[in-house]
Amino acid sequence: MNVKFDVSRIRKDFPVLTQKVYGKPLVYLDNGATTQKPLSVINCINNFYLSRNSSIHRGLHYLSEQATEAYENAREIVKEFINARYSHEVIFTSGTTGSINGIALSFGEKYIHEGDEIVITAMEHHSNIVPWQMLCERKNANLKIIPFSDDGELLLDEFDKLLTPQTKIVAVIHVSNSLGTVNPVEDIIRKSHQRNVPVLIDGAQSVQHLDVDVQKLDCDFFVFSGHKIYGPTGIGILYGKEKWLEDLQPFHGGGEMVAEVTFEKTTYNELPFKFEAGTTNYIAAIALGEALKYVSSIGKEGIAAYESELLEYATKKIKDLGDIKIYGTAKNKISILSFIIGNINPYDAGMIFDKMGVAVRTGTHCAQPVMHRYNIDGTIRASLAMYNTKQEIDILCEAIEKAKSMLA
Ligand code: PLP
């Protein structure tokens, strides 16, 4: 493990973690849903509204220039963070959901026709299912699904069979939010490109845990949400290769995304503005830049090493309790633990956990097809972040024991 990684120091940066709920110390293990924010992010938002708030790209006055500079600087930070080739390949959106819907609209409008096929996996979040389904309905196209094994690993042989001359795009979850599996997206991208099929990667659960390099991945689109990587809500990223973003039509029309507007015809602005219609959530974008700076200051390598140590500790401890079934046992996984205790309903267990100060997610995790695959109604999901500790895992285990004693 990276010796410089100091969890007690990191926890001091997250004031929300110091509180008590129902008189018990908060144990926040719902990071897959959203992460807490470090002081630097909170202060950034606060300070911006206190002293520098102004509409970006539109004013010539001092405040507007300051805000514009900070916004474009945030784009630069995102570009560096994911190693995009150009900063104009980085589009600010409302989040992962917004980014995927945008591509489904723009790409779908131009390239999807009757009988075409779109390939996704059986472990997608609803955000990477429904927009494609809606597109298929509009265009009379077909959705094809890559299945996964009992361990939660994609069956790549099946993927090979799904790639046909009708395949027009492949959209894949990088890390499963319900199982923790890290999918072999490099293989999927390589195989798809051999057939000239572009690939969108849903990085909502990967970018905060893994070192993502979009050039190395060679993905065509990569999307993620600010709030899952210690940044604010309402902001997200759509990375697209320049050639695609130049080629596709904007998915929103309005101010800022235009070059010239007459009633006869509108021409569009250059990248990235062509895809950023209206007043964006620019303060959130600037604060996302702060969040990424924070993550980089801790070090992605140290974070990954610490989180995998936590996962190993948690997996062993939870298994040792007995009568627990873990869903998602892939060889390559990140710090998400989905499980069921005996025949206890996850919702009932979650309520007991809550009273002990332990925040987990219970239910289907916006991945109902995953639950259907296992023929279950839902799981308890503990999703760990860099500020969680082994002591917190111990408290989670106490909560499991308590649920067992009360409900089994
Ligand atoms: N994709 C995955 C894998 C997710 O885990 C989530 C959120 O949980 C989303 C997409 C949707 O993210 P958002 O609601 O921030 O748009």
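These numbers were taken from a predicted model, which means no experiment stands behind them. Side-chain atoms are counted along with the backbone in the values below, which use heavy atoms only and exclude waters and symmetry mates. Start at 1 and go down the list; that is how both ligands and their atoms are numbered.
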- Task: Just let me know how His365 lines up against ligand 1, side chain, backbone, both or neither, with a heavy-atom cut-off below 4.0 Å.
- Result: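 No part of His365 is near ligand 1 at this cut-off.
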
- Any idea which part of Asp202 is under 4.0 Å from ligand 1, heavy-atom wise: side chain, backbone, both or neither?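 The side chain, only.
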
- Aromatic Phe81 / basic Lys300 pairing, under 6.0 angstrom, 45° off normal: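 Yes, cation above the ring, under 6.0 Å and within 45°.
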
- Message: Would Lys274 pass as a cation-pi partner of Tyr268, given that its NZ or CZ must be under 6.0 Å from the six-membered ring centre and within 45 degrees of the axis?
- Response: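 No cation-pi geometry.
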
- Query: Can you find an N/O atom of Thr97 closer than 3.5 Å to an N/O atom of ligand 1?
  - Reply: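 Checking ligand 1 against Thr97, an N or O pair does fall under 3.5 Å apart.
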
- For atom 3 (C) of ligand 1, which candidate among Ile173, Ile336, Ile129, Val223 holds the nearest heavy atom?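 Shortest heavy-atom distance from atom 3 (C) of ligand 1: Ile173.
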
- Run down the list His125, His227, Glu124 and name the one with the heavy atom closest to atom 9 (C) of ligand 1.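 Looking at heavy atoms only, the winner is His125.
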
Going by the order shown, which atoms of ligand 1 are within less than 4.0 Å of some heavy atom of [X]?
X      : result
Asn177 : 5 (O)
Ser225 : 12 (O), 13 (P), 15 (O), 16 (O)
Gln205 : 3 (C), 4 (C), 5 (O), 8 (O)

- Query: Among all protein non-hydrogen atoms, which one is nearest to atom 7 (C) of ligand 1, and what is the separation to 0.1 Å?
  - Reply: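 Nearest protein contact, heavy atoms only, for atom 7 (C) of ligand 1 is Lys228 NZ, 2.7 Å.
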
- Query: What residue and heavy atom of the protein are closest to atom 11 (C) of ligand 1, and at what distance?
  - Reply: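 Sorting protein heavy atoms by distance from atom 11 (C) of ligand 1 puts Ser127 OG, 3.4 Å first.
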
- Just jot down the side chain to side chain contact (heavy atoms under 4.5 Å, CB included) partners of Met371, sequence neighbours excluded, or say none.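 If we apply the side chain to side chain contact (heavy atoms under 4.5 Å, CB included) test to Met371, skipping adjacent residues, the hits are Ser178, Thr364, His365, Ile376, Thr379.
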
- Residues two or more places apart in sequence or in another chain: which of them pass side chain to side chain contact (heavy atoms under 4.5 Å, CB included) with Glu256?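 Only His57, Arg58, Asn269, Phe273 meet the side chain to side chain contact (heavy atoms under 4.5 Å, CB included) criterion with Glu256.
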
- Once the angle between the rings of Phe251 and Phe275 is folded into 0 to 90°, is it parallel (under 30°), tilted (30 to 60°) or perpendicular (over 60°)?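 Because their plane-to-plane angle lies in the 30° to 60° range, the rings of Phe251 and Phe275 count as tilted.
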
- Item | Name of the residue among Phe222, Tyr239, Phe107 meeting ring pair (Phe, Tyr, Trp, His ring centres under 6.0 Å) with Trp244 |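 Single pass found, and it is Phe107.
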
